[in-house]
Amino acid sequence: MDITTKLKMNNGKEIHQFGLGVWRGGAETKNAVLAALKAGYRHIDTAAVYGNEEQVGEAIRESGIPRDALFITTKVWNEDMRKHTVKAAFELSLKKLGLDYVDLYLIHWPVKDEYIHTYKVLESLYESGKAKAIGVSNFKTHHLQDLLDHTDIVPAVNQMEFNPQMQDNDILKMCTEKGILLEAWSPLGSGACLNDENLKTIGGSHGKSEAQVIIRWLLQKGIVVFPKSVHENRIIENADVFDFTLNDEEMALINGMNKNLRTGPDPDTFNF
Ligand code: NDP
């Protein structure tokens with residue numbers, strides 16, 4: 001396993017298992033993406049609502065890395081689902097990114113009464129080739145079952161909050177059974193999972209930080225992970241996770257840290 005390791009999605013295409021998240025990257029997004037690409041990252045996770053697709057696009061162009069070596073994800077925001085402007089939102093994202101296709105296009109949140117018609121637009125974008133894969137985010141098991149019951153293309157991924165203190169193993173199990181890759185958002189709990197004694201002890205025995213231990217744990221569980229940082233030293237640190245292995249006991253210890261404690265909203269009750 002290394003920084004370019006890819007997992008096969010259910011449509012036969014591949015996704016880099018490790019990448020960079022850019023939520024709350026702010027004005028530093030472009031430099032963060034450039035630093036990540038320089039460090040060997042090839043997968044960037046953004047979203048229309050992050051307001052930084054242009055910066056991601058600029059960094060991609062400046063890096064000179066061939067488009068087909070990169071994996072770029074963006075997401076449709078709730079407002080466009082409610083207004084039925086999903087296709088226009090997708091075209092705007094492409095324009096801002098300066099790309100003629102994205103590797104993965106996701107429904108950001110399972111907005112009640114809006115996600116089925118939205119996903120049907122995503123299916124048409126997939127058929128057009130402008131979205132090489134489509135999927136969902138923040139779909140609990142009941143949202144996913146409803147989607148599977150009313151649409152044709154099984155999502156390639158489901159992007160959920162997943163970190164040591166928030167492990168939704170029901171959705172992990174369902175995704176695995178249905179051939180849907182799980183992507184972990186807020187792998188570090190936006191920072192809240194760091195400074196933990198167990199993680200510190202495990203890291204200590206491998207010469208690694210708490211952040212590196214968490215990232216490695218997710219990779220070994222077969223989950224896609226894209227920690228966010230705007231600091232080059234942390235961007236490099238977060239990718240330096242391919243020269244050690246957590247043993248079964250260490251994996252079990254972290255699996256046992258679940259508190260079902262979200263740092264973000266619950267998909268059933270949020271309403272933005
Ligand atoms: P993470 O769990 O990746 O944590 C990021 C935070 O941890 C930042 O404050 C960062 O600070 C800090 N950090 C990063 N690396 C280290 C390190 N090695 N040591 C100490 N601190 C560190 O948070 P995110 O919530 O950003 O999640 C990652 C990505 O997931 C997002 O960027 C986004 O792409 C996606 N996401 C998707 C959501 C969805 O609804 N689909 C919701 C939330 C996130 P600094 O930047 O200052 O270094």
Side-chain angles (χ1 to χ4, degrees), residues 15-33 35-36 39 41 43-53 55-56 71-78 81 93 102-111 115 135-140 143 155 157-168 171 181-196 199-200 203 208-219 223-241 261-272:
I15 178 170
H16 298 79
Q17 194 182 356
F18 178 79
L20 179 78
V22 296
W23 181 41
R24 296 194 283 208
E28 292 155 292
T29 301
K30 182 180 165 188
N31 283 339
V33 175
Y41 290 57
H43 171 178
I44 309 295
D45 182 85
T46 185
V49 77
Y50 301 169
N52 57 19
E53 290 170 308
Q55 293 188 51
V56 171
F71 192 98
I72 310 298
T73 300
T74 193
K75 316 181 189 91
V76 60
W77 186 239
N78 306 345
M81 297 170 65
S93 284
V102 292
D103 297 279
L104 181 60
Y105 195 50
L106 303 181
I107 292 185
H108 207 144
W109 287 89
V111 181
Y115 59 78
V136 295
S137 174
N138 298 302
F139 274 49
K140 289 185 165 184
H143 299 116
V157 312
N158 185 12
Q159 185 178 125
M160 298 290 287
E161 177 170 3
F162 204 100
N163 52 51
Q165 65 182 28
M166 180 60 227
Q167 303 179 41
D168 183 342
I171 195 69
L181 291 174
L182 193 81
E183 297 191 327
W185 65 251
S186 291
L188 312 178
S190 287
C193 294
L194 305 174
N195 298 319
D196 174 272
L199 297 176
K200 198 172 285 181
K208 296 289 175 183
S209 67
E210 291 98 314
Q212 290 170 318
V213 169
I214 297 174
I215 294 163
R216 181 74 203 187
W217 167 72
L218 288 162
L219 292 171
I223 294 174
V224 177
V225 57
F226 27 78
K228 172 263 178 183
S229 179
V230 293
H231 295 102
E232 186 162 20
N233 60 328
R234 288 177 173 172
I235 288 170
I236 292 168
E237 174 189 330
N238 293 345
D240 183 15
V241 292
L261 189 60
R262 294 180 189 278
T263 58
D266 186 318
D268 278 328
T269 51
F270 92 105
N271 187 28
F272 353 116

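These numbers were taken from a predicted model, which means no experiment stands behind them. First listed ligand is number 1; within each ligand, the first listed atom is number 1. Note that the numbering runs from 1 along the sequence shown for the chain.
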Q: If you measure from the Lys or Arg side-chain nitrogens to the Asp or Glu carboxylate oxygens, is any gap between Asp45 and Lys228 under 4.0 Å?
A: no

Q: Within the 4.0 Å heavy-atom shell around Ala211, which atoms of ligand 1 are there?
A: 17 (C), 18 (N)

Q: Can you report which non-hydrogen protein atom sits closest to atom 31 (C) of ligand 1, along with the distance?
A: Trp23 CB, 3.6 Å

Q: Among all protein heavy atoms, pick out the one at the shortest distance from atom 3 (O) of ligand 1; state its residue, atom name and that distance to 0.1 Å.
A: Lys228 N, 2.9 Å

Q: Counting heavy atoms only, which part of Glu237 comes closer than 4.0 Å to ligand 1: side chain, backbone, both or neither?
A: side chain

Q: Starting from atom 28 (C) of ligand 1, what is the nearest protein heavy atom, named by residue and atom, and what distance separates them?
A: Phe226 O, 3.4 Å

Q: Under a 3.5 Å distance rule, please check whether Asn52 uses its side chain to pair with a backbone N or O of Val22 as donor and acceptor.
A: yes

Q: Who's the nearest protein heavy-atom neighbour of atom 42 (C) of ligand 1, and how far?
A: Trp185 CD2, 3.2 Å

Q: Yes or no on side-chain hydrogen bond (donor to acceptor under 3.5 Å, both in side chains) for Asp196 and Gln165, after CA distance, side-chain angles and deciding distance?
A: CA-CA 11 Å; Asp196 174 272; Gln165 65 182 28; over 6 Å; no

Q: With sequence neighbours left out, write down each residue that passes ring-ring contact (aromatic ring centres under 6.0 Å, His included) with Phe71, or none if nothing qualifies.
A: His43

Q: Which one holds for Val22 and ligand 1: side chain close, backbone close, both close, or neither close, with close meaning a heavy atom under 4.0 Å?
A: backbone

Q: Is the shortest distance from a heavy atom of Gly264 to ligand 1 less than 4.0 Å?
A: no

Q: Please classify the Asn163 to ligand 1 contact at 4.0 Å (heavy-atom distances, strictly less than): side chain, backbone, both or neither.
A: neither

Q: Starting from atom 40 (O) of ligand 1, what is the nearest protein heavy atom, named by residue and atom, and what distance separates them?
A: Asn138 ND2, 2.9 Å

Q: Identify, by atom number and element, the atoms of ligand 1 in contact range of His108, meaning under 4.0 Å from any of its heavy atoms.
A: 39 (C), 40 (O), 41 (N)

Q: Within the structure, does Leu188 bring an N/O atom to less than 3.5 angstrom of an N/O atom in ligand 1?
A: yes

Q: Under a 4.5 Å cut-off applied to non-hydrogen side-chain atoms, are Tyr50 and His108 in contact?
A: yes

Q: Quick check: do Ser229 and Asn238 have side-chain heavy atoms less than 4.5 Å from each other?
A: yes

Q: What atoms in ligand 1 come closer than 4.0 Å to a heavy atom of Gln159?
A: 35 (C), 36 (N), 37 (C), 38 (C), 39 (C), 41 (N)

Q: Do Val225 and Phe18 come within less than 4.5 Å of each other through their side chains, counting heavy atoms only?
A: yes

Q: For Pro227, take its heavy atoms, then give the atoms of ligand 1 lying under 4.0 Å from any of them.
A: 3 (O)

Q: Specify the protein heavy atom at minimum distance from atom 19 (N) of ligand 1: its residue, its atom name, and the distance to 0.1 Å.
A: Arg234 NE, 3.7 Å

Q: For ligand 1, which atoms, with element, lie under 4.0 Å from some heavy atom of Trp109?
A: 40 (O)

Q: Check Pro187 against ligand 1 and report side chain, backbone, both or neither, counting heavy atoms closer than 4.0 Å.
A: both

Q: Got an N/O contact under 3.5 Å between Val230 and ligand 1?
A: yes

Q: Does any N or O of ligand 1 fall below 3.5 Å from an N or O anywhere on Arg24, backbone included?
A: no

Q: Please answer whether the main-chain N or O of Ala184 pairs with a side-chain N or O of Gln159 as donor and acceptor at a distance below 3.5 Å.
A: no

Q: So for ligand 1, is Lys75 a polar contact partner (N or O within less than 3.5 Å, distance only)?
A: no

Q: For Glu53 and Thr46, test the side chains for any donor-to-acceptor distance below 3.5 angstrom and give the result as yes or no.
A: no

Q: Which residue owns the protein heavy atom closest to atom 4 (O) of ligand 1, what's the atom, and how far is it?
A: Ser190 CA, 3.3 Å

Q: Run the numbers for me: atoms of ligand 1, each under 4.0 Å from some heavy atom of Asp45, listed by number.
A: 33 (C), 34 (O), 35 (C)

Q: Distance-only, no hydrogens or angles: does the Gln212 side chain make a donor-acceptor pair with backbone N or O of Glu237 under 3.5 Å?
A: yes

Q: Within the distance-only criterion (no hydrogens, no angle test), does the side chain of Glu161 pair as donor or acceptor with the backbone N or O of Ser186 below 3.5 angstrom?
A: no

Q: Just jot down the ligand 1 atoms closer than 4.0 angstrom to any heavy atom of Leu194, in number order.
A: 20 (C), 21 (N)

Q: Classify the contact between Thr263 and ligand 1 as side chain, backbone, both or neither, using a heavy-atom distance cut-off of under 4.0 Å.
A: neither

Q: Does some side-chain heavy atom of His143 sit less than 4.5 Å from a side-chain heavy atom of Ile107?
A: no

Q: Give the contacting part of Tyr50 toward ligand 1: side chain, backbone, both or neither, where contact means a heavy-atom distance below 4.0 Å.
A: side chain

Q: Just so I know, are the side chains of Leu218 and Asn163 near enough to count as touching, which here means a heavy-atom distance under 4.5 Å?
A: no

Q: Looking at atom 27 (O) of ligand 1, what's its closest protein heavy atom, distance included?
A: Ser186 N, 3.0 Å

Q: Asn31 versus Val230: any side-chain heavy-atom pair under 4.5 Å?
A: no

Q: So do the side chains of Ile215 and Pro227 get within less than 4.5 Å of each other, counting heavy atoms only?
A: yes

